[in-house]
Amino acid sequence: MEYDGILLGMGNPLLDISAVVDQDFLNKYEIKPNNAILAEDKHLPMYDEMAAKPTVEYIAGGATQNSIRVAQWMLPFPGATSYMGSVGKDKFGEEMKKNAQDAGVNVNYYEDETAPTGTCAVCVLDGERSLVANLSAANCYKVDHLKRPENWALVEKAKFYYIAGFFLTVSPESIQLVAEHAAANNKIFSMNLSAPFICEFFRDPQEKALPYMDFVFGNETEARTFSKVHGWETDNVEEIALKISQWPKASGTHKRITVITQGADPVVIAEDGKVKLFPVIPLPKEKLVDTNGAGDAFVGGFLSQLVQEKPIAECVRAGCYASNVIIQRSGCTYPEKPDFA
(Lines give C-alpha, C1' and ligand atoms only; values in the text may rest on other atoms or scores of the structure.)
Protein backbone atom coordinates (compact mmCIF):
# COMPACT_ATOMS: atom_id res chain seq x y z
CA MET A 1 0.00 0.00 0.00
CA GLU A 2 1.21 3.52 -0.83
CA TYR A 3 1.46 5.60 2.38
CA ASP A 4 2.75 8.87 0.92
CA GLY A 5 0.19 11.58 1.81
CA ILE A 6 -2.39 8.95 2.81
CA LEU A 7 -3.83 11.10 5.63
CA LEU A 8 -4.91 14.73 5.15
CA GLY A 9 -6.01 17.08 7.92
CA MET A 10 -7.58 20.54 7.65
CA GLY A 11 -8.11 22.92 10.50
CA ASN A 12 -7.17 26.02 12.46
CA PRO A 13 -3.40 26.13 13.06
CA LEU A 14 -2.79 27.94 16.36
CA LEU A 15 0.35 28.61 18.33
CA ASP A 16 -0.36 27.36 21.86
CA ILE A 17 0.71 29.75 24.61
CA SER A 18 0.70 27.36 27.54
CA ALA A 19 1.20 28.30 31.21
CA VAL A 20 0.21 27.16 34.69
CA VAL A 21 -2.38 29.55 36.17
CA ASP A 22 -4.34 29.82 39.43
CA GLN A 23 -8.08 29.88 40.13
CA ASP A 24 -8.04 33.69 40.43
CA PHE A 25 -6.78 33.93 36.84
CA LEU A 26 -9.65 31.71 35.59
CA ASN A 27 -12.17 33.75 37.62
CA LYS A 28 -10.78 37.05 36.33
CA TYR A 29 -11.33 36.02 32.70
CA GLU A 30 -14.53 34.00 33.40
CA ILE A 31 -13.02 30.75 32.18
CA LYS A 32 -14.48 27.36 33.10
CA PRO A 33 -12.09 24.50 33.86
CA ASN A 34 -11.59 21.89 31.13
CA ASN A 35 -13.52 23.87 28.51
CA ALA A 36 -12.71 25.26 25.03
CA ILE A 37 -14.03 28.63 23.84
CA LEU A 38 -13.31 31.34 21.28
CA ALA A 39 -11.75 34.54 22.65
CA GLU A 40 -13.94 37.61 23.19
CA ASP A 41 -12.63 41.15 23.73
CA LYS A 42 -12.54 40.60 27.51
CA HIS A 43 -10.04 37.74 27.01
CA LEU A 44 -7.51 39.59 24.84
CA PRO A 45 -5.32 40.96 27.71
CA MET A 46 -4.77 37.41 29.00
CA TYR A 47 -2.37 36.49 26.16
CA ASP A 48 0.24 39.07 27.26
CA GLU A 49 -0.34 38.15 30.89
CA MET A 50 0.36 34.48 30.13
CA ALA A 51 3.36 35.31 27.93
CA ALA A 52 4.89 37.08 30.95
CA LYS A 53 4.60 33.99 33.18
CA PRO A 54 7.87 32.18 33.99
CA THR A 55 6.28 28.80 33.08
CA VAL A 56 5.12 29.87 29.59
CA GLU A 57 5.76 27.54 26.63
CA TYR A 58 5.04 27.95 22.90
CA ILE A 59 3.92 24.83 21.01
CA ALA A 60 2.52 24.38 17.47
CA GLY A 61 -1.11 23.54 18.09
CA GLY A 62 -4.68 23.66 16.89
CA ALA A 63 -6.75 20.49 17.33
CA THR A 64 -6.40 18.97 13.84
CA GLN A 65 -2.72 19.86 13.52
CA ASN A 66 -2.07 18.16 16.90
CA SER A 67 -3.80 14.96 15.74
CA ILE A 68 -1.95 14.93 12.41
CA ARG A 69 1.43 15.49 14.13
CA VAL A 70 0.74 12.62 16.55
CA ALA A 71 -0.41 10.33 13.71
CA GLN A 72 2.80 11.08 11.81
CA TRP A 73 4.87 10.40 14.96
CA MET A 74 3.16 7.00 15.37
CA LEU A 75 3.51 6.05 11.68
CA PRO A 76 6.70 4.35 10.45
CA PHE A 77 6.30 6.05 7.05
CA PRO A 78 7.81 9.54 6.49
CA GLY A 79 5.53 11.93 4.59
CA ALA A 80 2.35 9.95 5.32
CA THR A 81 0.46 13.07 6.47
CA SER A 82 -0.48 16.47 5.03
CA TYR A 83 -2.20 19.45 6.61
CA MET A 84 -3.88 22.67 5.45
CA GLY A 85 -5.00 25.76 7.34
CA SER A 86 -4.37 29.50 7.47
CA VAL A 87 -1.54 31.34 9.26
CA GLY A 88 -0.32 34.94 9.23
CA LYS A 89 2.79 36.10 7.38
CA ASP A 90 4.76 36.54 10.60
CA LYS A 91 7.32 34.93 12.89
CA PHE A 92 4.69 32.81 14.71
CA GLY A 93 3.58 31.43 11.33
CA GLU A 94 7.18 30.65 10.38
CA GLU A 95 7.79 29.03 13.78
CA MET A 96 4.70 26.85 13.37
CA LYS A 97 5.62 25.79 9.84
CA LYS A 98 9.12 24.77 10.99
CA ASN A 99 7.64 22.92 13.99
CA ALA A 100 5.18 20.95 11.83
CA GLN A 101 7.74 20.17 9.10
CA ASP A 102 10.21 18.97 11.74
CA ALA A 103 7.45 16.60 12.85
CA GLY A 104 7.37 15.19 9.30
CA VAL A 105 4.04 16.72 8.27
CA ASN A 106 3.68 18.15 4.77
CA VAL A 107 2.08 21.52 5.62
CA ASN A 108 0.50 23.70 2.97
CA TYR A 109 -0.61 26.82 4.83
CA TYR A 110 -2.58 29.62 3.29
CA GLU A 111 -0.63 32.74 4.36
CA ASP A 112 -2.90 35.66 5.18
CA GLU A 113 -1.31 39.09 4.81
CA THR A 114 -3.82 40.99 6.96
CA ALA A 115 -4.10 39.03 10.23
CA PRO A 116 -1.51 37.64 12.68
CA THR A 117 -1.09 33.89 13.21
CA GLY A 118 -3.78 32.56 15.55
CA THR A 119 -2.94 31.78 19.16
CA CYS A 120 -4.54 29.61 21.83
CA ALA A 121 -4.18 30.33 25.53
CA VAL A 122 -3.75 27.00 27.32
CA CYS A 123 -4.50 27.67 30.99
CA VAL A 124 -3.32 24.74 33.12
CA LEU A 125 -4.62 24.32 36.67
CA ASP A 126 -4.11 21.07 38.61
CA GLY A 127 -3.33 19.23 35.35
CA GLU A 128 -6.66 20.22 33.73
CA ARG A 129 -6.55 22.52 30.72
CA SER A 130 -8.85 25.34 29.62
CA LEU A 131 -8.48 26.67 26.08
CA VAL A 132 -9.23 30.17 24.80
CA ALA A 133 -8.56 30.44 21.05
CA ASN A 134 -7.91 33.73 19.30
CA LEU A 135 -8.26 32.54 15.70
CA SER A 136 -6.95 35.66 13.90
CA ALA A 137 -5.39 34.39 10.63
CA ALA A 138 -6.80 30.86 11.18
CA ASN A 139 -10.21 32.45 10.60
CA CYS A 140 -9.17 33.60 7.11
CA TYR A 141 -8.93 30.25 5.32
CA LYS A 142 -10.50 30.42 1.86
CA VAL A 143 -11.91 27.59 -0.22
CA ASP A 144 -9.96 29.07 -3.19
CA HIS A 145 -6.74 27.88 -1.52
CA LEU A 146 -8.11 24.33 -1.37
CA LYS A 147 -9.08 24.48 -5.04
CA ARG A 148 -5.57 25.41 -6.22
CA PRO A 149 -4.28 22.48 -8.29
CA GLU A 150 -1.25 21.82 -6.04
CA ASN A 151 -3.50 21.69 -2.95
CA TRP A 152 -6.36 19.74 -4.49
CA ALA A 153 -3.69 17.21 -5.54
CA LEU A 154 -3.15 16.54 -1.78
CA VAL A 155 -6.89 15.86 -1.44
CA GLU A 156 -6.83 13.45 -4.38
CA LYS A 157 -3.73 11.66 -3.10
CA ALA A 158 -5.15 11.09 0.42
CA LYS A 159 -7.39 8.14 1.28
CA PHE A 160 -8.24 9.28 4.81
CA TYR A 161 -9.36 12.74 5.98
CA TYR A 162 -9.64 14.21 9.45
CA ILE A 163 -11.09 17.62 10.33
CA ALA A 164 -11.82 18.85 13.85
CA GLY A 165 -15.24 20.46 14.35
CA PHE A 166 -13.55 23.80 15.09
CA PHE A 167 -13.02 24.24 11.31
CA LEU A 168 -16.82 24.49 10.92
CA THR A 169 -16.47 28.04 12.30
CA VAL A 170 -14.09 28.97 9.46
CA SER A 171 -14.73 27.14 6.17
CA PRO A 172 -17.71 24.77 6.06
CA GLU A 173 -17.50 25.08 2.25
CA SER A 174 -14.01 23.49 2.27
CA ILE A 175 -15.26 20.71 4.57
CA GLN A 176 -18.15 19.90 2.19
CA LEU A 177 -15.85 19.74 -0.83
CA VAL A 178 -13.53 17.23 0.87
CA ALA A 179 -16.45 15.27 2.37
CA GLU A 180 -18.18 14.92 -1.02
CA HIS A 181 -14.89 13.89 -2.67
CA ALA A 182 -14.42 11.19 0.00
CA ALA A 183 -17.94 9.83 -0.47
CA ALA A 184 -17.63 9.79 -4.29
CA ASN A 185 -14.29 7.96 -4.15
CA ASN A 186 -14.89 5.41 -1.36
CA LYS A 187 -12.46 7.16 0.97
CA ILE A 188 -12.71 7.57 4.75
CA PHE A 189 -13.88 10.95 6.12
CA SER A 190 -13.81 11.68 9.84
CA MET A 191 -14.59 14.64 12.08
CA ASN A 192 -14.67 15.57 15.75
CA LEU A 193 -17.47 17.15 17.78
CA SER A 194 -14.61 19.23 19.29
CA ALA A 195 -16.44 21.41 21.83
CA PRO A 196 -19.91 21.96 23.31
CA PHE A 197 -20.17 25.40 21.62
CA ILE A 198 -19.68 23.79 18.18
CA CYS A 199 -22.65 21.45 18.79
CA GLU A 200 -24.74 24.39 20.05
CA PHE A 201 -23.91 27.29 17.76
CA PHE A 202 -22.68 25.57 14.59
CA ARG A 203 -25.41 22.96 14.47
CA ASP A 204 -26.41 23.59 10.82
CA PRO A 205 -22.96 23.15 9.20
CA GLN A 206 -22.26 20.23 11.57
CA GLU A 207 -25.50 18.50 10.50
CA LYS A 208 -24.69 19.14 6.85
CA ALA A 209 -21.31 17.40 7.22
CA LEU A 210 -22.55 14.57 9.46
CA PRO A 211 -23.96 12.30 6.69
CA TYR A 212 -20.44 12.17 5.19
CA MET A 213 -18.67 11.24 8.44
CA ASP A 214 -17.46 7.64 8.58
CA PHE A 215 -15.92 8.24 12.01
CA VAL A 216 -17.21 10.70 14.59
CA PHE A 217 -14.89 11.44 17.52
CA GLY A 218 -15.71 13.34 20.69
CA ASN A 219 -15.64 13.29 24.47
CA GLU A 220 -18.46 12.68 26.95
CA THR A 221 -19.23 16.40 27.51
CA GLU A 222 -19.53 17.08 23.78
CA ALA A 223 -21.65 13.95 23.28
CA ARG A 224 -24.08 15.06 26.02
CA THR A 225 -24.29 18.55 24.52
CA PHE A 226 -24.99 17.04 21.08
CA SER A 227 -27.78 14.94 22.64
CA LYS A 228 -29.31 17.97 24.37
CA VAL A 229 -29.19 20.12 21.21
CA HIS A 230 -31.01 17.36 19.29
CA GLY A 231 -33.64 16.84 21.99
CA TRP A 232 -32.66 13.23 22.64
CA GLU A 233 -33.36 13.48 26.37
CA THR A 234 -30.56 11.14 27.39
CA ASP A 235 -27.26 11.73 29.16
CA ASN A 236 -26.17 8.14 28.65
CA VAL A 237 -22.98 8.34 26.58
CA GLU A 238 -23.35 4.80 25.17
CA GLU A 239 -26.88 5.55 23.99
CA ILE A 240 -25.79 8.87 22.44
CA ALA A 241 -22.84 7.23 20.64
CA LEU A 242 -25.22 4.65 19.19
CA LYS A 243 -27.68 7.31 17.99
CA ILE A 244 -24.88 9.28 16.32
CA SER A 245 -23.63 6.11 14.58
CA GLN A 246 -27.16 5.53 13.21
CA TRP A 247 -27.56 9.06 11.76
CA PRO A 248 -28.32 8.75 8.01
CA LYS A 249 -25.29 8.49 5.71
CA ALA A 250 -24.61 10.10 2.32
CA SER A 251 -22.88 6.98 1.06
CA GLY A 252 -23.49 3.36 1.94
CA THR A 253 -19.90 2.27 1.24
CA HIS A 254 -18.74 2.58 4.84
CA LYS A 255 -20.73 2.28 8.05
CA ARG A 256 -20.36 5.04 10.64
CA ILE A 257 -18.40 4.38 13.82
CA THR A 258 -18.70 6.71 16.82
CA VAL A 259 -15.72 6.99 19.16
CA ILE A 260 -16.27 8.78 22.48
CA THR A 261 -13.52 9.21 25.07
CA GLN A 262 -14.38 9.75 28.74
CA GLY A 263 -11.13 10.79 30.44
CA ALA A 264 -10.10 7.99 32.80
CA ASP A 265 -13.28 6.00 32.03
CA PRO A 266 -13.50 3.49 29.14
CA VAL A 267 -13.62 4.57 25.49
CA VAL A 268 -17.07 4.03 23.95
CA ILE A 269 -17.24 2.58 20.42
CA ALA A 270 -20.61 2.37 18.68
CA GLU A 271 -20.97 0.48 15.39
CA ASP A 272 -23.46 -1.92 13.77
CA GLY A 273 -26.08 -1.17 16.45
CA LYS A 274 -23.75 -2.33 19.24
CA VAL A 275 -21.57 -0.62 21.83
CA LYS A 276 -18.17 -1.81 23.03
CA LEU A 277 -16.14 -0.38 25.90
CA PHE A 278 -12.33 -0.27 25.93
CA PRO A 279 -10.43 0.54 29.13
CA VAL A 280 -7.82 3.32 29.02
CA ILE A 281 -4.30 2.97 30.42
CA PRO A 282 -4.51 3.93 34.12
CA LEU A 283 -2.25 6.79 35.22
CA PRO A 284 -1.51 7.74 38.84
CA LYS A 285 -2.58 11.35 39.58
CA GLU A 286 0.99 12.40 40.39
CA LYS A 287 2.12 11.49 36.84
CA LEU A 288 -0.48 13.74 35.18
CA VAL A 289 1.22 16.90 33.88
CA ASP A 290 -1.59 18.40 31.80
CA THR A 291 -4.53 17.18 29.73
CA ASN A 292 -3.97 19.63 26.87
CA GLY A 293 -3.97 17.68 23.60
CA ALA A 294 -5.13 14.40 25.20
CA GLY A 295 -8.17 14.09 22.92
CA ASP A 296 -6.20 15.23 19.87
CA ALA A 297 -3.47 12.69 20.65
CA PHE A 298 -6.05 9.93 21.05
CA VAL A 299 -7.39 10.70 17.54
CA GLY A 300 -3.84 10.85 16.12
CA GLY A 301 -2.96 7.45 17.58
CA PHE A 302 -6.27 5.98 16.39
CA LEU A 303 -5.78 7.30 12.84
CA SER A 304 -2.17 6.00 12.69
CA GLN A 305 -3.54 2.45 12.85
CA LEU A 306 -6.71 3.11 10.84
CA VAL A 307 -4.71 4.15 7.78
CA GLN A 308 -2.83 0.84 8.09
CA GLU A 309 -6.24 -0.92 8.06
CA LYS A 310 -5.77 -2.35 11.56
CA PRO A 311 -8.85 -3.56 13.52
CA ILE A 312 -10.77 -1.00 15.60
CA ALA A 313 -9.52 -2.52 18.89
CA GLU A 314 -5.95 -1.85 17.75
CA CYS A 315 -6.85 1.73 16.70
CA VAL A 316 -8.29 2.35 20.20
CA ARG A 317 -5.20 0.82 21.84
CA ALA A 318 -2.96 3.18 19.84
CA GLY A 319 -5.20 6.14 20.72
CA CYS A 320 -5.02 5.29 24.42
CA TYR A 321 -1.23 4.87 24.19
CA ALA A 322 -0.76 8.27 22.49
CA SER A 323 -3.00 10.18 24.91
CA ASN A 324 -1.28 8.47 27.88
CA VAL A 325 2.10 9.72 26.61
CA ILE A 326 0.84 13.26 25.97
CA ILE A 327 -0.78 13.83 29.40
CA GLN A 328 2.53 13.05 31.09
CA ARG A 329 4.16 15.97 29.24
CA SER A 330 3.52 19.67 28.91
CA GLY A 331 1.33 20.52 25.88
CA CYS A 332 0.82 18.27 22.88
CA THR A 333 4.44 17.10 22.76
CA TYR A 334 5.98 13.64 22.63
CA PRO A 335 9.36 11.87 22.88
CA GLU A 336 11.46 11.39 19.77
CA LYS A 337 10.19 7.87 19.04
CA PRO A 338 6.97 6.10 20.09
CA ASP A 339 7.26 3.00 22.23
CA PHE A 340 4.11 1.38 20.82
CA ALA A 341 4.47 -2.34 20.15
Side-chain angles (χ1 to χ4, degrees), residues 34-36 63-64 67 160-168 175 179 182-183 188-200 202-203 205-281 291 294-306 310-324:
N34 211 15
N35 197 11
T64 306
S67 297
F160 295 81
Y161 307 92
Y162 174 68
I163 302 176
F166 295 118
F167 202 51
L168 289 165
I175 294 174
I188 300 284
F189 180 77
S190 47
M191 282 191 74
N192 203 309
L193 299 177
S194 290
F197 83 87
I198 298 289
C199 303
E200 290 171 322
F202 294 87
R203 175 178 172 167
Q206 188 181 57
E207 282 186 3
K208 197 174 170 197
L210 196 55
Y212 295 91
M213 296 180 206
D214 300 305
F215 285 83
V216 176
F217 295 94
N219 67 26
E220 75 279 36
T221 316
E222 296 150 9
R224 289 186 176 123
T225 305
F226 188 93
S227 171
K228 193 170 112 194
V229 166
H230 290 89
W232 287 350
E233 293 179 4
T234 177
D235 259 356
N236 182 305
V237 174
E238 295 175 37
E239 238 177 275
I240 297 163
L242 207 50
K243 277 179 170 290
I244 293 173
S245 73
Q246 291 163 339
W247 193 283
K249 281 199 96 246
S251 142
T253 315
H254 306 289
K255 60 190 175 185
R256 180 180 302 110
I257 298 176
T258 314
V259 184
I260 306 292
T261 57
Q262 311 185 85
D265 293 327
V267 178
V268 177
I269 300 283
E271 62 172 317
D272 293 335
K274 296 189 202 66
V275 170
K276 283 186 186 152
L277 299 179
F278 293 85
V280 301
I281 304 163
T291 57
D296 303 336
F298 175 87
V299 173
F302 189 102
L303 292 172
S304 74
Q305 304 307 298
L306 187 70
K310 299 279 174 72
I312 294 299
E314 194 61 4
C315 298
V316 174
R317 191 171 79 84
C320 292
Y321 163 78
S323 57
N324 183 266

Given V216, I198, L210, the one that forms side chain to side chain contact (heavy atoms under 4.5 Å, CB included) with F226:
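Testing F226 for a side chain to side chain contact (heavy atoms under 4.5 Å, CB included) against V216, I198, L210 leaves exactly one candidate, L210.
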Among pairs that include at least one residue of residues 235-244, which meet salt bridge (charged side-chain N to carboxylate O under 4.0 Å, His left out), considering only residues two or more places apart or in two chains?
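Qualifying pairs: none.
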Just jot down the salt bridge (Lys or Arg N to Asp or Glu O under 4.0 Å) partners of R224, sequence neighbours excluded, or say none.
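Partners of R224 by the salt bridge (Lys or Arg N to Asp or Glu O under 4.0 Å) criterion come out as none, since no residue qualifies.
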Partner residues of E200 under the salt bridge (Lys or Arg N to Asp or Glu O under 4.0 Å) criterion, sequence neighbours left out:
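In terms of salt bridge (Lys or Arg N to Asp or Glu O under 4.0 Å), with neighbours along the sequence ignored, E200 is linked to no residue.
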Residue list, side chain to side chain donor-acceptor pair (under 3.5 Å) with [X], at least two apart or on another chain:
X	value
S251	T253
H254	none
D272	K255
K249	D214

Return the set of residues passing ring pair (Phe, Tyr, Trp, His ring centres under 6.0 Å) with F167 (not counting sequence neighbours), or none when no residue passes.
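Expected list: Y141.
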If the condition is ring pair (Phe, Tyr, Trp, His ring centres under 6.0 Å), which residues does F166 pass it with, not counting sequence neighbours?
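Checked F166 against ring pair (Phe, Tyr, Trp, His ring centres under 6.0 Å); zero matches.
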List the residues meeting side-chain contact (heavy atoms from CB on, under 4.5 Å) with T64, not counting sequence neighbours, and say none if there are none.
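For T64 the side-chain contact (heavy atoms from CB on, under 4.5 Å) partners, ignoring immediate neighbours, are I68, Y83, Y162, A164.
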Measure from the side-chain N and O atoms of S190 to the backbone N and O of Y161, and report whether any donor-acceptor pair falls under 3.5 Å.
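Between the backbone of Y161 and the side chain of S190 there is a qualifying donor-acceptor contact (under 3.5 Å).
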Residue pairs passing the side-chain hydrogen bond (donor to acceptor under 3.5 Å, both in side chains) test where at least one lies in residues 256-265, sequence neighbours excluded:
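Pairs touching residues 256-265 that pass the test: none.
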Identify all side-chain donor-acceptor contacts of residues 311-324 below 3.5 Å with residues at least two apart in sequence or on another chain.
residue, atom, partner, partner atom, Å
E314, OE1, R317, NE, 3.1
E314, OE2, R317, NH2, 2.9
R317, NH2, A341, O, 2.5
Y321, OH, D339, N, 2.6
S323, OG, G319, O, 3.2
S323, OG, C320, O, 3.2
N324, OD1, Q328, NE2, 3.0

Surrounding NZ of K310 (heavy atoms of other residues, nucleotides or ligands, distance under 6.0 Å), is the total greater than 12?
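Yes, NZ of K310 has more than 12 neighbouring heavy atoms, counting only those of other groups under 6.0 Å.
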